[in-house]
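Notes follow the structure.
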There are 2 protein chains.
Amino acid sequence: MDLDLRKLRYFVAVADRLHFGRAADDLHIAQPVLSRQIRALEQDLGAPLLIRDSHGVALTDAGRQLLTDAGPLLASAEAVRRRVTVAARGSQRLMVGFRAGITATAAVREFAIRHPDVIVDVQRIESDDQAAMLLDGRIDVGYVRLPIDETGLRVTPLYTEPRVAVLPAGHRFAGREQITESDLAGEPLLWHPDTSTQPTKRPHPNAGYLVRGVDETLEHVAAGRGISFLARSTAVFYSHPEVRYVPVTDLAPDQVCLAVAASRTSPVVNDFLAAAHATAEITAECGNDEMWQLANGVAAQHG
Amino acid sequence: MDLDLRKLRYFVAVADRLHFGRAADDLHIAQPVLSRQIRALEQDLGAPLLIRDSHGVALTDAGRQLLTDAGPLLASAEAVRRRVTVAARGSQRLMVGFRAGITATAAVREFAIRHPDVIVDVQRIESDDQAAMLLDGRIDVGYVRLPIDETGLRVTPLYTEPRVAVLPAGHRFAGREQITESDLAGEPLLWHPDTSTQPTKRPHPNAGYLVRGVDETLEHVAAGRGISFLARSTAVFYSHPEVRYVPVTDLAPDQVCLAVAASRTSPVVNDFLAAAHATAEITAECGNDEMWQLANGVAAQHG
DNA sequence: CGACGGCGATACCCTGGAGGCATCGCCGTA
DNA sequence: TACGGCGATGCCTCCAGGGTATCGCCGTCG
């Protein structure tokens, strides 16, 4: 009658690996159990999900459909469990996520006027799981940067800010006042894997380097493994002795948005969204010209 | 580890009735089973959900949170199952829902140019479950009318149309060219229950009459049980010998929107949305002045 | 060409959970 | 004080989910 979320989780494991034995290892169960559970799921849904033949395991149409749907459903279930256990503790809590360079302070302060009883936690988030954290309830509201997979989310734009190139200190453009995108044509670019999309797990072209978060980006750029780009406010917040920032005049600006899970409806969340929109200009100030020049002066003395 | 959707469904039944015995009847299981299952769920979540004392059963904070979250989660699970079984049949299908008075023909035709292989089914929907049908996958896209609970949905406005009063043929204003809202002050108004919000199941003030859908509305108005309002295009499509439509000049217009489940992402759905937006003007024509005058002339001869 | 190894399926067993029925304990009320 | 309503408990059965051992198929390699 009802879907069995455990079987669904098992199916996702098999579909990801396309291999019963290894999936069973991942799940810490024996392979025959997994084999039977998948068959039971197929019977339950009345549709074959996998094709097993001598060439290995492949997905059917129904299997592909289930794979795309199962992740969000499991995330929702996780979010429900998380919210219930939080509600059981009695204290009203709101977890706000923010990408590097964004300060939620103004919105939190504004929100606290209306809800002095609600405890607001803030947590930094990264591009590769910003959507997942919203969907599975680890954060209630997120200051996110595009691009983001909007599936299951409600995303509203807040403001934009220019982007800067991240160059090693010895780079030929490192001292420039500004450059254009075409100046950097052919430069090796660090690849930021985005696991928020389908977890197809193909190796990314960084020759094995995992680039996640700003600090790591700066390290890799400093090490000469490639260049990267950052929103200007992020560049204001992070400096590195071996790294220089140079504005790129013709690069599409970075879009900062507010995001919540679409299924999430609560007056507390709505009031925070209102507060965040009301204080958007203050939030945007972190990356304005003044802050940029100030930080740039500091950075210039740094090296 | 994973949430058990069956226990969740059981919990919703108990929370709705606030009575174990009756909830067990609803679920067609014995009361002791239900009692144990709820305890198991509480243990599983690590939080008490219900307070049982001599005064009956009440929800805790955690229980309230779970009740609000459980419905959408169960609907999502249902949607997943439905989509998988449809995908298993191989044929690409798209179910389009539309409220009374709206014709999806133009969008369907436009969509068919791009996707001749996709079978487009259309189905009329009502206000009281338009959101639920989107959330549990019975329809993929909906031409809906506001108000609608946007939780878990992606709703984009299409067009607006004026609204008309629905009056019995013998009403003192039945022959008027137009009236204002204040003219109808004090008139008994039919109440349309909206089960899409919390199913609190309190009796609605219609003295026992269930008013659902346009045809029933017309019957009740004709019987003199009250007056009602309809979007003009709906009035164009439906006529009744004992009922007259009169434009209300100062009533807020009816907003027609497109809606999809927020978790639903598929190129087919997106293409239909694009087609629907592209043909919005054609769709809106059903309620324009010309159609209205034509229908009104017919209706005048009708009586 | 036969032996072997990888991999999913099957056989069989054990335990725990979900269902049923009968009954208890509590409490409000007649 | 007796009774009735209601949720909890005790006890049984049965099946689903977990394990181990093994089979059957097939590709590969000596």
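Note that this is a predicted model, so its numbers are computed, not measured. Numbered from 1 within each chain, the chains take letters A, B, ... in sequence-line order. As a basis for the values below, the full set of heavy atoms in this structure was taken, side chains included, without hydrogen atoms, waters or symmetry mates.
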Between A/Gly21 and B/His55, which has a closest nucleotide on DNA chain C that is more 5'?
A/Gly21

May I ask you to check whether over 12 heavy atoms, not counting those of B/Arg124, lie within 6.0 Å of atom CZ?
yes

Of the nucleotides C/dA22, D/dG7, C/dA11, which has the atom closest to the B/Ser35 side chain?
D/dG7

Under 4.0 Å between a Lys/Arg side-chain N and an Asp/Glu carboxylate O for A/Asp26 and A/Arg17?
yes

In whole angstrom, what separates B/Leu18's CG from D/dG5's P?
20 Å

Rounded to the nearest Å, what distance is computed from the CD1 atom of residue B/Ile29 to the P atom of nucleotide C/dG17?
17 Å

Lys/Arg N to Asp/Glu carboxylate O, A/Asp25 vs A/Arg22, below 4.0 Å
no

How close or far is atom P of D/dA8 from atom CD of B/Gln43, stated in whole angstroms?
14 Å

Could you tell me whether B/Arg39 contacts a base, only the sugar-phosphate backbone, or nothing, with contacts defined as non-hydrogen atoms closer than 4.0 Å?
sugar-phosphate

Per A/Pro32 side chain, nearest of listed nucleotides C/dG8, D/dT20, D/dA8:
D/dT20

By the 4.0 Å heavy-atom rule, please label B/Ala30 as base, sugar-phosphate, or nothing.
sugar-phosphate

If I take atom CZ in residue B/Arg52 and atom C1' in nucleotide C/dC27, what distance separates them, rounded to the nearest angstrom?
17 Å

Any non-hydrogen side-chain atom of B/Phe98 less than 4.5 Å from a side-chain atom of B/Ile125?
no

Return the value, rounded to whole Å, for the distance between atom CG of B/Leu50 and atom P of D/dG7.
10 Å

Counting only side-chain N and O atoms of A/Gln37, is one of them less than 4.0 Å from OP1 or OP2 of D/dG17?
yes

Could you check how far CG of B/Asp4 sits from C1' of D/dA16, rounded to whole Å?
12 Å

Among the nucleotides C/dA9, D/dC6, D/dA8, which one has an atom lying closest to any side-chain atom of B/His19?
D/dC6

Any side-chain N or O of A/Lys7 less than 4.0 Å from the OP1 or OP2 oxygen of D/dG17?
yes

Closest listed nucleotide, where the reference is the side chain of A/Arg36 and the choices are D/dG17, D/dA8, D/dC6:
D/dG17

If we check side-chain hydrogen bond (donor to acceptor under 3.5 Å, both in side chains) with B/Asp2, which of these qualifies: A/Arg6, A/Arg81, A/Arg9?
A/Arg9

Pick base, sugar-phosphate or nothing for B/Asp53, based on heavy-atom distances below 4.0 Å to the nucleic acid.
nothing

In whole angstrom, what separates A/Leu5's CG from D/dG17's P?
13 Å

Expressed as a whole number of angstroms, how long is the span from A/Gln31:CD to D/dT20:P?
12 Å

Could you work out which one of D/dG18, C/dG8, D/dA8 sits closest to the side chain of A/Arg6?
D/dG18

Comparing nearest nucleotides in DNA chain D, the 5'-proximal residue of the pair B/Val33, B/Arg22 is B/Arg22

